[in-house]
Amino acid sequence: MKSVIITGGGSGLGAALAEEYGKQYKVILIGRSLKKLNSVADSLNSQGIKADCYSCDITSMDEVQHVFGPLFQREDVHMLINNAGSGIFGPLVELSVDEIETMLDTNIKGTIFTTKTSLPYFKERKEGKIMNIISTAGLRGKVNESVYCASKFAVKGFTESLVKELDGTGIQVTAVYMGGMDTPFWDHSDHVKDKSRFKTPEQVALQIAKEDQGKPEIFIDR
Ligand SMILES: NC(=O)c1ccc[n+]([C@@H]2O[C@H](COP(=O)([O-])OP(=O)(O)OC[C@H]3O[C@@H](n4cnc5c(N)ncnc54)[C@H](OP(=O)(O)O)[C@@H]3O)[C@@H](O)[C@H]2O)c1
């Protein structure tokens with residue numbers, strides 16, 4: 001059975017995408033907290049969806065290689081969804097160096113590390129799909145989101161470049177842009193007053209899966 005690797009699969013959009021893509025794939029969930037990943041995997045298994053999970057901090061290339069290498073040997077991985085992300089909001093002067101590095105390391109380097117590690121396997125098979133979950137924060141600047149936006153603009157550039165670099169190889173690369181979602185993403189911040197007005201991750205995951213037809217860009221919101 002073909003598999004999809006979903007980073008950040010232990011909560012929010014990643015868990016919703018796992019349920020949606022689990023209709024056609026075996027799902028492999030990646031994240032740092034095994035507790036969260038196990039709980040999503042158990043729920044998927046109880047719905048008849050095949051799901052495994054592995055703890056991996058995507059900001060570490062060593063960890064990514066250690067986890068992804070054996071996975072690609074063992075599983076028929078057809079798709080990588082780079083969904084894991086971190087957002088810390090506020091005026092730039094108030095962000096700590098740690099907070100800045102967490103966002104840049106997770107959103108930019110994490111996406112690059114997992115993609116770089118997966119690509120040789122996709123290239124060998126001459127097929128594969130890479131989907132990068134960005135945000136409307138990758139389309140325009142926003143107040144109190146300077147570093148988050150910088151990280152998502154970077155992933156936009158990374159994705160657009162790979163679309164060109166991999167043209168004709170059989171490997172599809174897709175950028176996905178969406179606005180706010182009602183997920184745990186906002187739980188440690190007062191940047192958003194009422195996240196319940198946002199779309200649910202299930203609504204967004206359903207729309208992504210419907211529009212996932214080989215296009216380089218999917219706009220859930222603009
Ligand atoms: N919520 C929104 O309004 C919104 C809007 C547009 C775009 N997005 C984007 O959507 C994606 C999913 O976010 P979400 O809303 O579903 O938030 P979420 O529930 O907080 O999910 C983020 C996931 O990323 C994982 N993660 C964070 N750092 C990681 C690391 N170093 N290594 C591996 N996994 C890591 C987290 O799991 P662990 O902590 O267990 O590692 C968590 O499960 C993100 O890229 C976010 O930027 C969100």
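Just follow the structure's listing: the first ligand is 1, and inside any ligand the first atom is 1. Since this is a predicted model, take the numbers as computed values, not measurements. Numbering starts at 1 and runs along the sequence shown.
- An N or O contact shorter than 3.5 Å links L13 to ligand 1 by distance.
- At a 4.0 Å heavy-atom cut-off, ligand 1 does not touch F198 at all.
- Counting heavy-atom neighbours within 6.0 Å of K109 NZ, excluding the residue itself, gives a total of 12 or less.
- Looking at T7, its side chain does come within 3.5 Å of a backbone N or O of A84 through a donor-acceptor pair.
- Cluster note: M181 groups with V4, I6, L13, L17, Y21, Y25, V27, L29, L34, L37, V40, L44, I49, M79, I81, M131, I133, V176, M178, V204, I208, I218, I220 through ILVMFWY side-chain heavy atoms spaced under 4.5 Å, whether in direct contact or through intervening members.
- The ligand atoms of ligand 1 that sit less than 4.0 angstrom from a heavy atom of S11 are 18 (P), 19 (O), 21 (O), 42 (C), 43 (O).
- Across the listed options A84, S55, S33, A84 owns the non-hydrogen atom lying nearest to atom 26 (N) of ligand 1.
- When D187, V64, I133, D182 are checked for heavy-atom proximity to atom 10 (O) of ligand 1, I133 turns out nearest.
- With hydrogens left out, the protein atom closest to atom 15 (O) of ligand 1 is T183 OG1, 2.6 Å, a heavy atom.
- Annotation: ring pair (Phe, Tyr, Trp, His ring centres under 6.0 Å) contacts involving residues 32-64, sequence neighbours excluded, are absent.
- In terms of heavy-atom proximity, A41 sits nearest to C53 at CB-SG, 4.3 Å.
- For ligand 1 and G31, the ligand atoms under 4.0 Å from any heavy atom of the residue are 33 (C), 34 (N), 41 (O).
- Atom 4 (C) of ligand 1 has as its closest protein heavy atom M181 CE, 3.5 Å.
- Of all the heavy atoms of C56, the ones lying under 4.0 Å from any atom of ligand 1 belong exclusively to the backbone.
- Looking at ligand 1, you won't find any N or O of T59 less than 3.5 Å from one of its N or O atoms.
- For G110, the closest heavy-atom approach to ligand 1 does not fall below 4.0 Å.
- No side-chain donor-acceptor contact under 3.5 Å links K195 to the backbone of V192.
- Interface of G179 with ligand 1, defined as ligand atoms under 4.0 Å from a residue heavy atom, comprises 5 (C), 6 (C).
- Residue-environment remark: CD (Q47) exceeds the threshold of 12 foreign heavy atoms within 6.0 Å.
- Heavy atoms of I134 found under 4.0 angstrom from ligand 1 belong exclusively to the backbone.
- For the pair E101 (side chain) and D98 (backbone), a donor-acceptor distance under 3.5 Å is absent.
- In terms of polar-atom proximity, R32 is counted as a contact of ligand 1, with an N or O under 3.5 Å from an N or O of the ligand.
- Checked against the 6.0 Å centroid threshold, F122 and F72 count as a close aromatic pair.
- Taking a 4.0 Å cut-off on heavy atoms, G9 fails to register as neighbouring ligand 1.
- By the criterion of a heavy-atom distance under 4.0 Å, neither the backbone nor the side chain of K195 is placed next to ligand 1.
- The proximity of D57 to ligand 1, defined as any non-hydrogen pair under 4.0 Å, involves the side chain as well as the backbone.
- Of the candidates F113, Y148, Y177, the one placing a heavy atom closest to atom 8 (N) of ligand 1 is Y148.
- Under 4.0 angstrom from ligand 1, the non-hydrogen atoms of N83 come from both its backbone and its side chain.
- Between M178 and ligand 1, no pair of N/O atoms sits closer than 3.5 Å.
- Atom 32 (N) of ligand 1 has its nearest heavy-atom neighbour, among I58, I30, D221, I6, in I58.
- Ligand 1 has no nitrogen or oxygen under 3.5 angstrom from a nitrogen or oxygen of S135.
- Across I134 and T159, no two heavy atoms sit closer than the pair CD1-OG1, 4.0 Å.
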- Determine, step by step, whether I5 and F68 satisfy the side chain to side chain contact (heavy atoms under 4.5 Å, CB included) criterion, reporting the C-alpha distance in whole Å, the side-chain angles of both residues, the deciding distance to 0.1 Å, and the verdict. CA-CA 9 Å; I5 297 177; F68 278 50; 4.0 Å; yes

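- Here Y148 and F185 bring their ring centres to under 6.0 angstrom of each other.
- Within 6.0 Å of NZ on K215 lie more than 12 heavy atoms contributed by other residues, nucleotides or ligands.
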- Message: Please determine whether side chain to side chain contact (heavy atoms under 4.5 Å, CB included) holds for the pair Q172 and V163, giving the CA-CA distance in whole Å, both sets of side-chain angles, and the decisive distance to 0.1 Å.
- Response: CA-CA 7 Å; Q172 285 172 18; V163 168; over 6 Å; no

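- Less than 4.0 angstrom separates some heavy atom of G12 from each of these atoms of ligand 1: 16 (O), 19 (O).
- Which parts of ligand 1 touch G85 is read off a 4.0 Å heavy-atom cut-off, strictly below it: atoms 22 (C), 24 (O), 27 (C), 44 (C), 45 (O).
- Every N/O-N/O distance between S86 and ligand 1 stays at or above 3.5 Å.
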